[in-house]
Amino acid sequence: MAAHLSYGRVNLNILREAARKELREFLDKCAGSKAIVWDEYLTGPFGLIAQYSLLKEHEVEKMFTLKGGRVPPADVKNIIFFVRPRLELMDIIAENVISEEKLPAPREAHILFVPRRSLLCEQRLKEQGVLNSFTNIDEYILDLIPYDGDLLSMESESAFRECYLENDQTSLFHTAKGLMTLQALYGTIPQIFGKGECARHVANMMLRMKREFAGSQNQILPVFDTLLLLDRNVDLLTPLATQLTYEGLIDEIYGITNGYVKLPPEKFAQKKPGEGGKDLPTEPKKLQLNSAEELYAEIRDKNFNAVGAALSKKAKIISAAFEERHNAKTVGEIKNFVSQLPHMQAARSSLANHTSVAELIKDITSAFEPFSLPLFHTSSYKNFKPISGDNLSSESFFDNLTVEQEFMTGVDTDKINTYIEDCIAQKDPLIKILRLVCMQSVCNNGLKQKVLDYYKREILQTYGYEHILTLNNLEKVGLLKPQTTTRNNYPTIRKTLKLWMEDANEQNPNDISYVYSGYAPLSVRLTQVLARPGWRSIEEVLKMLPGPHFEERQQLPSGLHKKRQQGENRTTLVFFLGGVTYAEIAALRFLSQMEDGGTEYIIATTKLINGTSWVKSLMDRPEAQIL
Amino acid sequence: MAFVTANWNPLGDAFYRKVELYEMGWSLKDGLRECLVAAAPYGGPIALLKEPQRRSPSARPQLEIYSSSGVTMASFVWKSGVVKQLGWTVCDDLLCIQEDGTILIYDLFGNFKRHFSMGNEVGQSQVLEAKVFHSPYGTGVAIVTGASRFTLATNIDDLKLRRLPEVPGLQGAPPCWAVLTQDRQSKVLVANGADIFILDNAVCTPVNPPGLSPQATSIVHMCVSFSYKYLALFTDSGHVWMGSTDLKEKLSEVDTKVRNTPKQMAWCRRPKSREPSVVIMWDRHLLVVGVCKDTIPYHLDDDSVLVPELDGVRIVNGTHHELLQEVPAACEEIFKIASMAPGALLLEALKEYEKESQKADEYLREIKEQNLLGEAVRQCVEAAGHEQEAETQKTLLRAASFGKCFLSNFSPEPQVCMCRDLRVLNAVRDYTVGIPLTHMQFRQMTVRVLIDRLVYRKLYPLAIEICRYLKTPEYQGVSRVLKHWACCKVQQKEEADENIARAISLKLGEAAGISYSEIATKAYECGRTELAIKLLEFEPRSGEQVPLLLKIKRSQLALSKAIESGDTDLVYTVVTYLKNEMNRGDFFMTLRNQPVALSLYRQLTEEEMRLLRFQRRLEEEKGECLLGFSLHDTISTLLSLGLHKHAEQLYKEFRVPDKRYWWLKLTALAEKEDWEELEKFAKSKKSPIGYLPFVEVCVKRQNKYEAKKYVSKVTLDQKVKAHLSVGDLEGAADAAIERRNEGEIGAVLSRCSPATDRALVERLNRAKATAAKK
């Protein structure tokens, strides 16, 4: 079920299995039939660890969503609350438990805190007078969740906000704990590199925790050679830019949560001859996106402009495969063909799905080099109507991209930008505005006070004064800032790290810059330079970026020193503290696959983000202005 | 070497030997006469209390603590009550059991640690006799009181007193009794005349030793073996009965022909003993009585004490310390006169070889022919382990390695281990250390416990050397020793805090797994708070560090440490603590950290107030509720309501940029579909946002007719876009061709259908070609 986790360089299924084992152990602790009451947020991440079948095997008969009042009737012996350690949830649980105890035959209650139990929560339960009602209060340490064959995420939505805005470093503590767990399973990582305050903090905690465990030497041959810890605030630019890989665009436009995306259903309607699509489905189409799907694994990281060609090639291969049936003469040949049918049919339905997804995206992005989509018949352009009122219509998508690229190449970043002005005047979505203004600020190493004040006034007058808090937040985390020195060091950083590549090849990329059609993500450049030729070559630039950079070594017991075979690649775990985008992941995968790369990357993060979800996490009262 | 067998005596099929361990380092005027003596097993320390009964204040008894070799470790005047019995705990603490039932605990160096009582009722009746015993649960104490009642505590560290049932007919102290551990329970075996009873928690059960000789009218002495498995009874008829402690089996019964009550009696056996025996001691006479009924008599020069061990009995007197044991099989095989065992031959071979005699070869051949060389090597290695003399050990090990030269595929492991063990054993047997462990005892007690023993004696350097030599994992070895050293160090009151902290950090440095909080706790307990704080700086585990800091009332420091740890729960622990400890004002002051508002924000806030005032006024005047709308939305609403003047007023008052105002008004008018007003507005002055927005807004409202009005006003570079959005392909084509812009031509082409716009497509393609050429 999670085979795709074990295909990669590092078998992440070990981690998943460890997590499953612990879950089973907890479930068995509560003997007898049980119902689980879910903190809704957790269902997504848990889905990546265990399906319902596992729960069922351990006598979980019912599942409910946590809400006030009482737990619905179900003939079970135990009720288990699976919750994050949040005070507001404790109150709800208390309410549930109190009404349960009024029943003639109350069920046994248990709590499983994910990822950690918390004193405050227990205190709250005590205040509510229910702490002693629980037979088991336990924690389920789910720090790093295997997301894909090369990807781990903590799915901690507000990690960036907590660390950089609220100065709450709990998520970093969990990160360090998670890395310790990872090391317990995959061996001590001999080399740790890092850049940024949070990175430093995590490394310190790891070294400290290692000393705490001292004495119990880890005897596992290290799987990872290097750990690179990167603060998101070292590279604030990348998430602001619109991702242009297939997966990145899906995320930008529709948002991927816990490996699933919900899409408008129209394009997925099963067209049966004669029906002509009378009854369009209204439920959004839910697709799972991971490397288990062969076609998706192939195209997810391509620049969207190369996806069309890939899909049409695939289409040809599949129809050729189906044509084979005409050549099958002997019984053996037919049998052989039939045996391949399920696989082929799966491939065909996968192709159909992704063709639809690509069309959906193309509708929104088509002005972005329209001729590079050969799969789509020119006639399909006729059917294309900009969806009125949709702010991500093709025009605006293209204009937006143009401005982004101007900023990234350093064009007029010190002036008030007309496009932004126009967008504010038309009251485009606030997050779009904020992304652009922040990007301009980042690319100019801060905005002139006059420019900054102008934007602020415009935004507050247009979207309301309550956003003053949001603007203040953005300033606190450094996304928006007044220029303090006259010197703008962004051009130096851009040139030294080659952040802009004029001739990015989208079809057959030779550089990571293809993921943003020209812009090479700074974070990934840092990673690339670290592998070769090393950070010493970019000391100057590193000093310009915020936070310290460092290197630590962890002693391995003798005998665990790896003897590298000739041509054997190094494995580096890159940990993005505060989030990573799909495009960055794509860029790292590209580096892993480079023939003479010499390094393979596993990616870990606190949360998979895109510019929108990221900026949203920094807004106050965000629910009010997403409209 | 030649006299290895000189001290051997045959007993049954085996031999017994009495080996001297030490000439005692102490100088006791009267030997052990009139002394209470307690010697701990496993070569532990010896405590002496001279003349315990003397109570006049002028001549208080002296309590002395020695190592097994008689080196003084502590000596002090006993000032407390009358001591009935001394004993050692498994942790090398001395128990002094007083007449009144109080038990005082001292460490090896005579420092008082604590005391406890065996119960209130003991006070009046007084302790008549007491015994200290060891079990898997720790060290226990049993007493019998003047009221002939037994009280028992199985583990003095987890004190639970058990008063045992009454023994029928017992008056005063019983003639003899013993404690044994059976079925995970400690019981007392007591004799009263010819009767024997077993006392457990609930009942007193009379028992009958099977086959006890009928001549006996009373049992006068008894002893239980080291393992609690065997029992020996001595009767007034001079018989020794030997059997199992469950009294189900009789092993033997021997008439010693001595009717005096023995002073002491002890089992002398080893695991897998061939000829186990009981050693019985009278004033100047020692008799080894084998189960086989053979006996060996020894004469004693001096008052002595028997110390039962796992594999023999130690005999301590005023001048000497000896070990009496059955000669181990391997030693017997090798050293027995005229032995032809492979080990013996191998030893001979070595001797000849060292003499450079060819006989060496003959002996070797003889062993090899029988295919017993491996066995020979094994015998030599094993025998080396049982010898006390370093020279003998060396010879045997040399013989083993000599023999090994002629073997292939023979694991060197046992020999290497034996060499290592012996090196450690010889080091601790040294006179200055005085722990006369046998190899068998060492294996039984484990390195860990040996290290503990050395630590209790403050022999830190030796302990560390041994850990390093045996490659004990740091956590269990060196680090643990260092921690104990540091705990001891912080108690040195004469040294300054800084010096101690520095010395400790210097020595402990990077040693893994040191618990600094334990050391700090120790320092705090000794009243050295500052030192404790200094030491806590080194503690890597915040979870340990923070609670202690709170305990010693350094809450600020605790808070910052907790924050440093990154463990939020720990922070909350401190905060909750602070909340309870501090008054509210201080609490909030501590936590307060608010950034000062920036000036722009202040300005904007004022602006917001003005807007709110305007909105309220508007509500009053026009009845339109706009309260809470943003400026943008307010203006937009005003425009759509046709309140242009009001909109204008806001535009000016809030200095709304022209561009935005134009966008606002444009959108509002188009939404209202007020095309006339829109046209007027377009003509009012030159648009700061150009005219493409006019076109687009109209198209968006599905009004191409209106849109077309503005196309001509659009600047050249946006013209193609403008034409396209009103659906005028020709116009777009013209503009694109005029501009000779390849991209734009392409964009127009993409909207053309090859079927209907053939001419246009051709024209565009031609233009594209020329543009491309250029």
Side chain, backbone, both or neither: which part of A:Gln123 has a heavy atom under 4.5 Å from chain B? side chain
Please classify the contact between A:Arg117 and chain B as side chain, backbone, both or neither, with a heavy-atom cut-off of under 4.5 Å. backbone
Region of A:Asn204 that comes under 4.5 Å of a non-hydrogen atom in chain B: neither
Can you find a side-chain donor-acceptor pair between A:Tyr454 and A:Glu421 that sits under 3.5 Å? yes
Chain B contact via A:Thr418 - side chain, backbone, both or neither, heavy atoms under 4.5 Å: both
Can you tell which part of A:Ile424 gets under 4.5 Å to a heavy atom of chain B, answering side chain, backbone, both or neither? both
If the plane angle is over 60° it's perpendicular, under 30° parallel, otherwise tilted; pick one for A:His467 and A:Tyr463. perpendicular
Applying a criterion of heavy atom separation less than 4.5 Å, what residues of residues 657-665 of chain B form contacts with chain A? B:Pro657, B:Lys659, B:Arg660, B:Trp663
Here the gap from A:Gln461 atom CD to B:Glu608 atom CD, rounded to the nearest 0.5 Å, amounts to 11.5 Å
Interface moiety of B:Phe629 toward chain A, non-hydrogen atoms closer than 4.5 Å: neither
What pairs with B:Arg758 under side chain to side chain contact (heavy atoms under 4.5 Å, CB included), at least two apart in sequence or on another chain? B:Glu762
Is the terminal nitrogen or CZ of A:Arg84 (NZ for Lys, CZ for Arg) located under 6.0 angstrom from the six-membered ring centre of A:Phe113 and within 45° of that ring's axis? no
Taking every non-hydrogen atom, the tightest pair across B:Ser725 and B:Val695: OG-CG1, 3.6 Å
Engaged part of A:His201 at the chain B interface, taking heavy atoms whose separation is under 4.5 Å: side chain
Between B:Leu666 and chain A, which part of the residue has a heavy atom less than 4.5 Å away: side chain, backbone, both or neither? neither
CZ of B:Arg616: more than 12 outside heavy atoms within 6.0 angstrom? no
Working to the nearest 0.5 angstrom, can you tell me the gap between B:Leu631 CG and B:Arg610 CZ? 9.5 Å
Return the minimal non-hydrogen interatomic distance between A:Leu131 and A:Glu122, and the atom names on each side. CD1-O, 3.7 Å
Worked verdict on A:Gln449 versus A:Asp453 for side chain to side chain donor-acceptor pair (under 3.5 Å): CA-CA 6 Å; A:Gln449 194 68 53; A:Asp453 288 356; 3.1 Å; yes
